[in-house]
Amino acid sequence: MVVGKPIFTVEQIQHKVRELADRISRDYEGKDLLVIGILRGAFMFMTDLVRAIRVPLTVDFVVAASYVQTETSGEVKVYCDARESVTGRDVLLVEDIADTGVTLNYLRERILLKRPRSLKICTFLNKQERRTVDVPLDYVGFEIPNQYVVGYGLDYDNKFRNLPYIAAFRKSV
Ligand code: 5GP
């Protein structure tokens with residue numbers, strides 16, 4: 001297993017998080033913001049992001065997965081749902097990476113059924129060329145090519161999530 005050099009350094013990540021949080025703070029002024037992070041991958045991005053947002057907000061999480069090692073199963077499983085009611089609230093769904101779009105689309109439709117006042121999506125990374133499902137992304141940190149990445153919450157087989165930077169990953173040399 002090979003973890004490459006950082007694609008995004010700690011400094012680049014911090015700068016991008018501040019940029020996203022500034023936009024979100026402006027857009028949600030005076031609203032009832034409920035930020036829902038998708039675990040486990042988004043845990044690091046989520047904590048950095050909410051700390052940098054300057055409007056009042058509520059935090060919740062949903063535990064969902066569609067990936068097994070480096071392949072998507074195409075089927076989303078929700079292991080633990082959010083506890084906050086989303087009805088009538090301004091919901092921001094926070095994801096680590098949008099790949100095929102299956103996970104975000106599934107969770108988006110699930111939330112929309114409960115009639116939030118608004119629903120937007122923030123993803124730290126986006127692999128546009130891998131998209132199979134059209135899902136609207138409102139805030140995107142970085143666009144990346146079709147490569148598997150780890151670090152900053154992103155895993156391979158539940159490892160490497162603790163790397164403070166984002167790096168490319170290969171199963172063998
Ligand atoms: P999607 O449903 O959009 O295909 O996949 C989204 C999920 O797949 C992400 O939340 C993440 O868990 C996983 N994923 C997709 N691409 C990568 C990647 O390059 N690295 C890692 N570690 N996970 C990925």
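Read the numbers this way: they start at 1 and go in the same order the structure lists the ligands and their atoms. Excluded from the calculations below are hydrogen atoms, water molecules and symmetry mates; all remaining heavy atoms, backbone and side chain alike, are included.
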Original post:
Does Phe43 have any ring pair (Phe, Tyr, Trp, His ring centres under 6.0 Å) partners at least two apart in sequence or in another chain, and if so, which?
Top reply: none
Original post:
Between the main-chain N or O of Lys114 and the side-chain N or O of Thr87, is there a donor-acceptor pair closer than 3.5 Å?
Top reply: yes
Subject >> Any N or O of Val149 closer than 3.5 Å to N or O of ligand 1 >> reply: yes
Original post:
Would you say the side-chain atoms of Glu129 and Asn146 include a donor-acceptor pair closer than 3.5 Å?
Top reply: no
**OP:** Check whether NZ of the Lys or CZ of the Arg Lys16 lies under 6.0 Å from the centre of the six-membered ring of Phe8 and within 45 degrees of that ring's axis.
**Re:** no
**OP:** Could you list the atoms of ligand 1 found under 4.0 angstrom from a heavy atom of Ser66?
**Re:** 2 (O)
**OP:** Enumerate the atoms of ligand 1 whose separation from the nearest heavy atom of Glu95 is less than 4.0 angstrom.
**Re:** 9 (C), 10 (O)
Subject >> Close approach, Lys127 and ligand 1, non-hydrogen under 4.0 angstrom >> reply: yes
For a quick test of your reading: what N or O donor-acceptor pairs under 3.5 Å do the side chains of residues 106-113 make, sequence neighbours left out?
from: Arg110; atom 1: NH2; to: Asp81; atom 2: OD2; distance (Å): 2.6

**OP:** Using a strict 4.0 Å cut-off to heavy atoms of Gln147, name the atoms of ligand 1 that fall inside it.
**Re:** 19 (O)
Original post:
Are any of the N/O atoms in Gly101 less than 3.5 Å from those in ligand 1?
Top reply: yes
Original post:
For the hydrophobic clusters of this structure (ILVMFWY residues joined by side-chain heavy atoms under 4.5 Å, transitively), does one cluster hold both Val17 and Leu137?
Top reply: no
**OP:** Identify, by atom number and element, the atoms of ligand 1 in contact range of Val102, meaning under 4.0 Å from any of its heavy atoms.
**Re:** 2 (O), 3 (O)
Original post:
Should Ile97 and Val62 be counted in the same cluster of Ile, Leu, Val, Met, Phe, Trp and Tyr side chains packed under 4.5 Å apart?
Top reply: no
Original post:
Strictly under 4.0 Å, does any heavy atom of Gly41 approach an atom of ligand 1?
Top reply: no
Original post:
If you count the atoms of ligand 1 from 1 in the order shown, which ones are under 4.0 Å from a heavy atom of Thr103?
Top reply: 1 (P), 2 (O), 5 (O), 6 (C)
Original post:
Which bit of Leu125 is near ligand 1, meaning a heavy atom under 4.0 Å away: side chain, backbone, both or neither?
Top reply: neither
Subject >> Same apolar cluster: Val133 and Leu125, side chain cutoff 4.5 Å >> reply: no
Original post:
Between Tyr148 and ligand 1, does any nitrogen or oxygen pair lie at a separation below 3.5 Å?
Top reply: yes
